Amino acid sequence: MLRVASVVGALALTAFAPNALSQTCLNTINPYLANNGGSVGGAVYFDVAVTGGVLIQAIESNCGATLGTPCGIDVYTIPGTSVGNQTNPGLWTLAGADNGTTTSAGRNGVTRFTLQSPIVLTAGTYGMALVARGTAHAYTNGTGANQNFSDSFLNITLGQASNVPWTAIINPRVWNGALCYVPAAGLYPNFTATPRSGNIPLNVQFTDTTYTSDPAGVQTWAWDLDGDGINETFTQNPTITYSTEGLYNISLSVTDTLHPLATVTKNAYIAVDAVDASFTTTTTGPTTLRFNDTSTGNPTSWAWDFQNDGIVDSTLQNPTFTYPAPGSYQVKLDVADAFSTDSTIVNLGVSILPIPGFGSTFSSATLTRGLYFQAPVRFSIVSAKVPDESNHGLQNVAIYRLAGAVPAYPTTASGGLEFYSTGQPSAAPISCAVSFEAGEWVGVMGACGDATTMRSSYAIPAGPFASSIFGAPTTLYRFLTQTNLVASGGNGVYSSENAAALGRVELGISNATGISYGAGTASGSGNAAPTLRTTALPRLGTTAELTVTQQDNAIGILLLALGRGNFPLPFGTLLIDPLSYQLSFTLNGGAPLNIGATVQQFPVPNDPVLNGAGPVTFQNVNLVPGSPNELSLSNGQEWFAGY
């Protein structure tokens with residue numbers, strides 16, 4: 001995201017002489033010899049032990065951006081250590097940023113970021129995170145022997161990285177860079193604010209972080225909190241409520257007993273009702289999407305570039321666009337109001353889930369790879385296809401409804417298999433119908449091959465991948481099992497390796513259809529409740545299909561209604577709305593069903609008027625003959641016609 005309103009503005013330091021002490025730069029690997037690198041906007045993490053107070057004035061780093069490309073860096077700190085805290089952004093404080101004048105020296109060149117204001121570190125130990133802007137970190141794999149660097153003031157212990165700040169950690173990684181500092185002597189005003197942006201009324205707490213080498217400490221504070229040149233308060237840590245939208249310059253002037261008055265000004269530091277670009281999409285045709293603006297801050301103008309080719313395609317707030325074919329596209333949205341602008345770029349899939357490009361084929365007799373993610377919105381997987389770069393000819397897929405985020409290897413989890421298909425021709429997608437609610441975790445395994453070998457399509461680059469479903473962002477991670485997908489029946493234990501290459505599976509997606517809801521309940525001392533699944537989608541002009549799988553020789557009755565319910569009964573929970581009940585279907589002509597699967601089909605008219613109609617809800621009731629108290633209810637299913 002490219003934010004104007006929330007970027008720290010130019011910083012003016014006035015009324016005191018620049019520090020005359022010579023600057024020292026403590027380097028890590030020097031000269032830079034990166035053998036690895038992260039994604040644009042990624043982060044590196046390490047620890048810094050300080051033996052005496054220092055003022056960090058600049059940071060040098062190995063940047064992956066092309067020579068001459070503008071780039072920046074944000075510096076975050078945490079007391080103690082970074083280790084174990086890298087995925088909790090709420091614990092970190094933005095300590096500083098570059099002054100906005102840096103251009104990349106290219107990979108293995110020294111890119112110098114002069115900070116807007118010196119970062120004061122008193123004696124102690126700190127975790128530090130460097131978040132790249134407009135570039136990627138180029139770094140070196142850690143070996144244990146190349147992860148510690150020190151001088152008389154600082155000791156740097158390295159380190160980790162992540163392709164997306166505060167997410168999956170890659171370990172160990174050694175930042176190529178230097179902290180450039182002078183011993184702390186003098187009076188250096190500084191402050192933080194929480195929050196930095198928000199809606200009216202915005203209540204902001206300012207915290208003085210001024211450093212002085214005067215043993216008597218800071219004596220006075222004077223704050224100009226709205227940039228009008230008038231000091232509003234003289235307390236150390238004031239609070240103010242902003243009731244008018246805009247960007248506000250903040251100034252703090254301080255004195256001590258040894259040094260001249262010192263002032264720091266941070267321009268555009270507080271943003272009230274600043275715009276924040278975001279959107280979702282709704283599928284209205286095979287490749288036609290309606291874009292729904294969800295930006296905050298009340299923007300007054302919109303510019304949509306539906307293929308991120310530099311051409312503005314629409315200036316409507318909620319436009320509709322038809323793409324030439326299903327596939328992955330980048331969509332850029334720029335929004336603005338009278339004082340702020342913001343942009344977002346989303347990897348958008350039209351009828352598919354965006355995945356990264358092909359890197360290599362991983363072949364193994366016993367190992368299978370895939371991807372997992374958290375559903376940001378309700379959606380359905382309607383097809384799956386494993387890229388067959390090795391031309392084996394057969395593909396195998398398993399889809400899981402996971403209990404949560406997948407544990408890191410070698411810890412394992414199991415269960416949740418929702419769809420399994422093996423030995424299918426690799427030339428065409430495998431049709432399926434597996435639906436997920438927002439917040440559920442989705443796992444997909446896929447490889448070409450057979451019971452003797454698995455050929456997974458590895459992605460490049462390695463690590464997490466920023467994807468989206470209907471414009472709502474999600475992150476794809478590597479999903480793995482140490483089993484052959486065919487030989488294991490898809491029931492092997494699984495793990496995650498978030499920093500490694502994910503196994504590519506091309507997923508067709510649609511608006512929610514065949515939604516599974518409710519766990520299903522048995523009654524009495526009988527067997528487990530039946531399960532109800534959509535096995536053929538209710539597309540126009542086709543035959544939709546429900547499959548009941550039961551554990552008893554029971555009479556099955558399929559109920560149809562036009563809405564969901566949640567009505568506890570003595571023998572379970574009714575998940576259809578009885579007030580909208582329409583029809584019932586007695587399966588197998590009223591004769592007891594065999595243990596196993598029974599299919600009920602429904603022809604869907606080829607009538608465009610029906611496209612999107614719904615929801616139609618189903619639930620199965622099982623009655624065990626001879627045991628009138630033996631009733632059980634399946635989970636529910638929900639359909640929208642045309643998907």
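Predicted model, so just to flag it, every value in this text is computed and none were measured. Each residue takes its place number in the sequence, starting with 1.
At least one side-chain heavy atom of L476 sits under 4.5 Å from a side-chain heavy atom of L353. With a 4.5 Å cut-off on side-chain heavy atoms, F571 and L633 count as touching. In this structure the side chain of T483 never reaches within 4.5 angstrom of the side chain of T366, judged on heavy atoms. Counting only heavy atoms from C-beta outward, the side chains of T474 and S468 never approach each other to under 4.5 Å. The closest side-chain heavy-atom distance from E506 to P429 is not below 4.5 Å. At least one side-chain heavy atom of L587 sits less than 4.5 Å from a side-chain heavy atom of L593. With contacts defined as side-chain heavy-atom distances shorter than 4.5 Å, the pair T282/F291 does not qualify. Considering only heavy atoms from C-beta on, L560 stays 4.5 Å or farther from T617 through its side chain.
Of the possible polar contacts, none joining the D305 side chain to the V312 backbone as a donor-acceptor pair under 3.5 Å is found. In this structure, the side chain of R290 does not engage the main chain of T281 through any donor-acceptor pair within 3.5 Å. Judged by distance alone, the side chain of S380 and the main-chain N or O of S435 form no donor-acceptor pair under 3.5 Å. A donor-acceptor pair is defined here as one N or O able to donate and one able to accept, closer than 3.5 Å; such a pair exists between the side chain of T481 and the backbone of V493. Remark: the backbone N or O of G393 is paired with a side-chain donor or acceptor of D388 at under 3.5 angstrom. Judged purely by atom type and a 3.5 angstrom limit, S383 uses its side chain to pair as donor or acceptor with the backbone of G508. For the pair Q395 (side chain) and A428 (backbone), a donor-acceptor distance under 3.5 Å is present. Side chain of S488 to main chain of N484: a donor-acceptor pair is present (N/O by atom type, distance under 3.5 Å, no hydrogens or angles). The backbone N or O of F465 lies less than 3.5 Å from no partner atom in the side chain of T475, so there is not a single donor-acceptor pair. With hydrogens and angles ignored, the 3.5 Å screen pairs no side-chain donor or acceptor of S495 with any backbone N or O of L480.
Distance CG/L540 to OG1/T542: 7.5 Å, rounded to 0.5 Å. Note: N498 CG to I170 CD1 = 9.5 Å, rounded to the nearest 0.5 Å. Atom CG of L507 and atom CD1 of I469 lie 8.5 Å apart (nearest 0.5 Å). Atom-to-atom distance recorded for Q550:CD and S632:OG is 9.0 Å, nearest 0.5 angstrom. Of the inter-residue distances, the one linking T598 atom OG1 with L546 atom CG reads 12.0 Å to the nearest 0.5 angstrom. One finds the OH atom of Y581 at 6.0 Å from the CG atom of L559 (value rounded to the nearest 0.5 Å).
Checked against the 6.0 Å centroid criterion, the rings of F602 and W639 qualify as a close aromatic pair. Checked against a 6.0 Å centroid threshold, the rings of Y372 and Y494 do not count as neighbours. Ring centroids of F379 and F470 are separated by 6.0 Å or more, keeping the two rings apart. Taking the ring centroids of F321 and W304, they lie at or beyond the 6.0 Å cut-off.
What you find for V346 and G471 is that their closest heavy atoms are CG1-O, 4.0 Å. Among all heavy-atom pairs drawn from L289 and L348, the shortest one is CD1-CD2, 3.7 Å. The minimum heavy-atom distance between D342 and A277, with the atom names listed, is OD2-N, 2.7 Å. P165 and V131 make their closest contact through CG-CG1, 3.7 Å (heavy atoms, listed as atom of the first residue, atom of the second, distance). Nearest heavy-atom pair across E545 and V599 is CG-CG1, 3.2 Å. In terms of heavy atoms, N620 sits closest to L532 at N-CD2, 4.2 Å.
Cation-pi geometry between R564 and Y517 is met: under 6.0 angstrom from the ring centre, within 45 degrees of the axis. Annotation: cation-pi pair R401/F436 present, NZ/CZ under 6.0 Å from the ring centroid and within 45° of its normal.
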(request) Check the pair V386 / V397 against side-chain contact (heavy atoms from CB on, under 4.5 Å), numbers first and verdict last. (result) CA-CA 8 Å; V386 182; V397 168; 3.7 Å; yes
(request) Go through Q637 and T534 one step at a time and tell me if the side chain to side chain donor-acceptor pair (under 3.5 Å) criterion holds. (result) CA-CA 7 Å; Q637 287 281 297; T534 298; 2.6 Å; yes
(request) Assess whether side chain to side chain donor-acceptor pair (under 3.5 Å) is satisfied between Q86 and Q160, documenting all intermediate values. (result) CA-CA 9 Å; Q86 304 99 323; Q160 301 82 33; 3.0 Å; yes
(message) Could you go through S278 and T294, starting from their C-alpha distance and side-chain angles, then the distance that decides it, and tell me whether this counts as side chain to side chain donor-acceptor pair (under 3.5 Å)?
(response) CA-CA 5 Å; S278 64; T294 56; 2.8 Å; yes
(request) Verify side-chain contact (heavy atoms from CB on, under 4.5 Å) between K332 and T344, making sure each step is shown before the conclusion. (result) CA-CA 6 Å; K332 182 181 181 184; T344 185; over 6 Å; no
(message) Run L371 and I355 through side-chain contact (heavy atoms from CB on, under 4.5 Å) and show every step you take.
(response) CA-CA 9 Å; L371 55 91; I355 59 175; 4.2 Å; yes
(request) Check step by step if side-chain contact (heavy atoms from CB on, under 4.5 Å) holds for T167 and Y477. (result) CA-CA 11 Å; T167 61; Y477 301 102; 4.2 Å; yes
(request) Check the pair D293, W302 against side chain to side chain donor-acceptor pair (under 3.5 Å), reporting the backbone distance first and the verdict last. (result) CA-CA 9 Å; D293 171 51; W302 301 263; 3.0 Å; yes
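Looking at R455 and E389, no side-chain N of the basic residue comes within less than 4.0 Å of a carboxylate O on the acidic one, giving no salt bridge. Between E440 and R378 there is no salt bridge, since none of the side-chain N atoms of the basic residue sits less than 4.0 Å from a carboxylate O of the acidic one.
Residues N347 and Q330 bring a donor and an acceptor atom of their side chains to less than 3.5 Å of each other. Side chains of S456 and R369: a donor-acceptor N/O pair is absent below 3.5 angstrom, by distance only.
Under the 30°/60° scheme for interplanar angles, the aromatic rings of Y323 and Y329 are found to be tilted.
Exactly one residue among Y409, F373, Y400 makes a ring pair (Phe, Tyr, Trp, His ring centres under 6.0 Å) with F479. That residue is Y400.
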